[in-house]
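Each remark here refers to the structure printed beneath this line.
Excluded from the calculations below are hydrogen atoms, water molecules and symmetry mates; all remaining heavy atoms, backbone and side chain alike, are included. Please read these numbers as outputs of a predicted model, since none were measured by experiment.
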Amino acid sequence: MVDFVFAVDDPITWHTMNLMQNRSHYSVLKYLGPKKISTVQNKYGAGVYYNTLVPCDGKVIKYGIVSTDTLIEDLLHWKTLYIAGRLHKPVKILLQKENGRLQTALTTNLKSALTASFLMLPESFTEEDLYLQIAGLSYSGDFRMIIGEDKAKVLNIVRPNLEHFRKLYSNILQECPQAVYKQAHGKIEVDKSPEGQFLQLMSLPKHLQQNITYLVDQPGRNRDVEEVLLQVAQDPDCGNVVQQALFGIVKSSSLSQSAKGVVTAGVKKTISYSAKKLYKMVRSLRKQ
């Protein structure tokens, strides 16, 4: 199933037009009208409204609608990592109007993915190791990876698309002061000193920094983020702390967005979609 995401400046207008042209794509929420649909989109889950199992030109697609402001917020700060995580991986951008804020946010999101991955990897690693780590960021904590997803999903994303990952990240890697990118050998080395890790932690998205602070800071101390990150940078388990903080972000957004999906897709489509996911998971386990 092909997965589309539409970033729109005005969700109410977009849903108004789409309800007139493609009313059958919606669940019973279509009877509430575009304003209520936009409220469900923006106020619940990860700020995305999905229509799924939609027939289109002989194929089956699903498409999500997200407001441009919500998308930029997630790209910059990783509040949910729901769309930002998808954009860590190679995607085909069908149409993008001139928007400097969005373009800057897209690049920042890729840099953040590299930095978070550096903190969770050893001092030296391969390009494939890096891209596996990046592709797995938005699945850490996703309950669907336990029930409903192909267990080899991350590997299946990266292995056939190594060249596409290189195109996405090679320029950023070459300009990154915290890494030595040996492109000819497919190797990368990063600074794992406390000073190097502190610089990396300080450049992480705001919401991830806050989650790290919440995990590490003892109740009642109320230290500022910089002080806590300095402590984490000197911790041998620094990478594990970052991973736990990511886990918390993804777990929360994946649960709330999936619950919302039952309403936006409808019960019948939800059962059909979940059954197909479970089938893929079982098939993957049998191959292992």
Side-chain angles (χ1 to χ4, degrees), residues 3-14 38 41-50 63-120 130-131 133-142 157 161 164-179 199-213 225-226 229 242 245-246 248-250 252-254 256-257:
D3 189 348
F4 294 89
V5 174
F6 302 119
V8 301
D9 294 338
D10 184 349
I12 293 176
T13 300
W14 196 94
S38 297
Q41 173 185 314
N42 293 321
K43 298 294 184 184
Y44 303 99
V48 189
Y49 188 101
Y50 260 102
Y63 62 91
I65 302 91
V66 61
S67 77
T68 306
D69 287 342
T70 298
L71 172 60
I72 291 172
E73 175 79 9
D74 197 33
L75 291 169
L76 291 177
H77 303 305
W78 288 10
K79 184 178 179 181
T80 68
L81 256 181
Y82 197 82
I83 299 297
R86 281 163 166 75
L87 292 170
H88 291 161
K89 307 157 189 87
V91 297
K92 184 173 180 60
I93 296 178
L94 300 175
L95 179 67
Q96 183 179 348
K97 71 177 185 179
E98 291 297 323
N99 186 323
R101 286 176 61 233
L102 178 56
Q103 190 54 54
T104 298
L106 287 164
T107 302
T108 300
N109 183 48
L110 296 179
K111 291 179 178 178
S112 297
L114 280 177
T115 304
S117 297
F118 289 166
L119 287 161
M120 292 185 284
L130 173 63
Y131 301 142
Q133 187 70 58
I134 289 171
L137 291 176
S138 59
Y139 295 119
S140 173
D142 190 337
I157 289 171
N161 294 294
H164 294 295
F165 273 94
R166 286 193 185 104
K167 287 179 184 177
L168 198 58
Y169 287 100
S170 62
N171 288 340
I172 301 173
L173 275 169
Q174 288 168 355
E175 296 170 3
C176 180
Q178 297 294 321
L199 288 173
Q200 291 164 23
L201 288 163
M202 286 297 293
S203 66
L204 289 174
K206 180 177 70 176
H207 196 67
L208 179 55
Q209 290 180 338
Q210 291 171 344
N211 263 31
I212 291 170
T213 303
V225 171
E226 186 173 342
L229 295 183
V242 174
L246 278 166
I249 294 172
V250 176
S252 176
S253 64
S254 68
S256 59
Q257 183 65 29

Could you report the tightest heavy-atom contact between [X] and [Y], atom names first, then the distance?
| X | Y | answer |
| --- | --- | --- |
| I172 | L168 | CD1-O, 4.1 Å |
| T80 | S253 | O-OG, 2.8 Å |
| S117 | L137 | OG-CD1, 3.9 Å |
| I72 | A105 | CG2-CB, 4.1 Å |
| H77 | H207 | O-CB, 2.9 Å |
| P11 | N42 | CG-ND2, 4.4 Å |

Decide yes or no for [X] and [Y]: does some side-chain heavy atom of the first lie under 4.5 Å from some side-chain heavy atom of the second?
| X | Y | result |
| --- | --- | --- |
| K97 | D9 | yes |
| L246 | W78 | yes |
| Q178 | S203 | no |
| L114 | L130 | yes |
| T107 | K111 | yes |
| L204 | I212 | yes |
| Y169 | L110 | yes |

Q. With sequence neighbours left out, what residues match F6 under ring pair (Phe, Tyr, Trp, His ring centres under 6.0 Å)?
A.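 Testing F6 for ring pair (Phe, Tyr, Trp, His ring centres under 6.0 Å), a comparison that skips the adjacent residues, returns W14, Y63.
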Q | Test item: S252 side-chain N/O and G248 main-chain N/O as donor-acceptor pair under 3.5 Å | A |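 No: the side chain of S252 does not pair with the backbone of G248.
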Q | Under 3.5 Å donor-acceptor, D74 side chain and L81 backbone | A |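 Confirmed, D74 side chain pairs with L81 backbone.
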Quick one: pull up [atom1] in [X] and [atom2] in [Y] and give me the separation to the nearest 0.5 Å.
| X | Y | atom1 | atom2 | answer |
| --- | --- | --- | --- | --- |
| H164 | I157 | NE2 | CD1 | 13.5 Å |
| Q200 | S112 | CD | OG | 12.0 Å |
| T115 | L201 | OG1 | CG | 9.5 Å |
| I134 | F118 | CD1 | CZ | 7.5 Å |
| T68 | E73 | OG1 | CD | 13.0 Å |
| K206 | K79 | NZ | NZ | 9.5 Å |

Q | K89 NZ: over 12 foreign heavy atoms closer than 6.0 Å | A |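 Yes.
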Q | Residues forming a side chain to side chain donor-acceptor pair (under 3.5 Å) with Q96, sequence neighbours excluded | A |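 Q103.
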Q.
Taking side chain to side chain donor-acceptor pair (under 3.5 Å) as the definition, give me every residue that meets it alongside Q41, ordered by chain and number, with sequence neighbours left out.
A.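 With neighbours one apart ignored, the set is H15.
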Q) In chain order, what residues pass the side-chain contact (heavy atoms from CB on, under 4.5 Å) check against Q257, with sequence neighbours excluded? A)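 Scan of Q257 (side-chain contact (heavy atoms from CB on, under 4.5 Å), adjacent residues dropped) gives A46, V48, Y50, Y82, K260.
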Q. Excluding sequence neighbours, so at least two apart, what forms side-chain contact (heavy atoms from CB on, under 4.5 Å) with L87?
A.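 Listed in chain order: L71, L75, I83, V91, L106, N109.
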Q: Could you list the residues that satisfy salt bridge (charged side-chain N to carboxylate O under 4.0 Å, His left out) with D69, not counting sequence neighbours?
A: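 D69 satisfies salt bridge (charged side-chain N to carboxylate O under 4.0 Å, His left out) with R101 only.
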